[in-house]
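No hydrogens, no waters, no symmetry mates; every other heavy atom, side chains included, goes into these values.
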Amino acid sequence: MSAVVALRQERSDSPSALPAKIAIRHLSVDYPSPDGRPVRVLQDVSLDVAPGEFVAVVGPSGCGKSTLLRVLSGLLQPASGTAAIDGRGVAEASDRIGFMFQRDTLLPWASVEDNILIGAELGPKRVDRARLGELIAFLKLKGFEKHRPHELSGGMRQRVSLGRLLAYEPEIFLMDEPFGALDSQTKAAMGRELLRIWSAHQRAVLFVTHDIEEAVTLADRVIVLSARPGRIRLDVQVDLERPRDPKLLRRDPRFLSLVERVWGALDVQPDL
């Protein structure tokens with residue numbers, strides 16, 4: 001039995017057996033507004049993510065999905081509540097977190113190799129040429145080591161971004177709609193790549209998306225946030241076997257039922 005399967009079974013049999021990798025408690029976040037009155041974006045959000053768990057977050061535009069990731073990365077301070085990584089404040093645990101955005105943020109003048117090595121320079125370990133070669137092969141980028149970003153497809157650019165994350169070696173992946181700008185075929189291919197990488201490295205993932213089917217396909221759990229101010233409306237376990245084939249899933253009544261349930265939780269009106 002693989003370590004990944006064993007971890008999934010342990011979590012299913014005894015959810016409390018694993019301490020939280022990410023622990024969010026009664027988190028509320030405000031943004032300033034032109035009239036001087038703060039706008040509440042997140043309201044009383046509490047959430048745990050276990051080690052190696054893949055959690056997707058969905059919700060209407062403006063509900064605070066990206067804000068949640070920014071708090072965890074230390075880029076935003078909450079109005080109230082706490083966020084912790086391994087029991088420590090996010091500022092103390094910043095070296096454990098890797099962030100991937102919708103736009104790939106690659107350096108346009110740097111090669112694939114150099115863009116990946118930037119992640120290693122920020123991380124705790126140096127990456128030698130042998131390790132770099134392993135990463136490039138793992139990401140299916142062999143033969144493109146010297147290419148610049150403008151010479152790559154959208155999916156290849158996102159694989160370089162994933163390589164930067166892997167070179168950094170974070171314990172947590174925060175991913176803010178990383179495939180949102182890709183066409184549907186490339187998005188599906190990148191989803192498969194992400195699951196392959198996640199299965200191999202067993203990192204905790206918090207993945208923000210607008211795509212309900214993508215969330216259910218990829219995640220162990222799906223969190224649905226309400227319209228602003230974002231509150232958790234639904235926290236649903238995705239009890240579908242892995243590995244998952246998206247083509248087969250779309251014919252699976254359990255998958256369709258989960259997608260419908262998430263859509264139902266999204267059918268809310270903004271708070272007045």
Ser28 versus Asp44, side-chain donor and acceptor atoms under 3.5 Å: no
Pairs flagged by ring-ring contact (aromatic ring centres under 6.0 Å, His included) wherever residues 77-108 is involved - sequence neighbours left out: Phe99-Phe101
Side chain to side chain, Asn115 and Arg164, heavy atoms closer than 4.5 Å: yes
Check: Val160 and Leu139 side chains under 4.5 Å, non-hydrogen atoms: no
Counterpart residues, salt bridge (Lys or Arg N to Asp or Glu O under 4.0 Å), relative to Arg254 (two or more places apart): Glu241, Asp252
All side chain to side chain donor-acceptor pair (under 3.5 Å) counterparts of Thr209, not counting sequence neighbours: Glu214
Residues which pass side chain to side chain contact (heavy atoms under 4.5 Å, CB included) with Arg251, listed by chain and number, not counting sequence neighbours: Leu248
Heavy-atom check, side chain of Ser46 versus side chain of Ile24, under 4.5 Å: no
Glu145: partners by side chain to side chain contact (heavy atoms under 4.5 Å, CB included), with sequence neighbours left out: Glu113, Ile136, Lys142
Inter- and intrachain pairs under side chain to side chain donor-acceptor pair (under 3.5 Å), touching residues 147-162, at least two apart: Asp104-Arg157
Only distances under 3.5 Å count here; give the side-chain donor-acceptor pairs of residues 54-65 to other protein atoms, sequence neighbours excluded, each with its distance to 0.1 Å.
residue, atom, partner, partner atom, Å
Ser61, OG, His210, NE2, 3.4
Lys65, NZ, Gly59, O, 3.0
Lys65, NZ, Pro60, O, 3.2

Would you give me the side-chain donor-acceptor pairs under 3.5 Å for residues 79-90, sequence neighbours excluded?
residue, atom, partner, partner atom, Å
Asp86, OD1, Lys21, NZ, 3.4
Asp86, OD2, Lys21, NZ, 2.9
Asp86, OD2, Arg96, NH1, 2.4
Arg88, NH2, Glu92, O, 2.3

Contacts of type side chain to side chain contact (heavy atoms under 4.5 Å, CB included), residue Val236, not counting sequence neighbours: Val222, Leu234, Leu258, Arg261, Val262
Inter-residue atom distance Ile172.CD1 - Ser94.OG, 0.5 Å rounding: 11.0 Å
Salt bridge (Lys or Arg N to Asp or Glu O under 4.0 Å) against Arg70, all qualifying residues, sequence neighbours excluded: none
Give the table of side-chain donor-acceptor pairs shorter than 3.5 Å for residues 185-195, with sequence neighbours excluded, one pair per line with atom names and distance.
residue, atom, partner, partner atom, Å
Thr186, OG1, Asp183, OD1, 3.1
Thr186, OG1, Asp183, OD2, 2.8
Lys187, NZ, Asp211, OD2, 3.2
Glu193, OE1, Arg196, NH2, 2.7
Glu193, OE2, Lys140, NZ, 3.2

Non-neighbouring partners of Ser184 that pass side chain to side chain contact (heavy atoms under 4.5 Å, CB included), sequence neighbours left out: none
Close side-chain approach of Leu218 to Val238, heavy-atom, < 4.5 Å: no
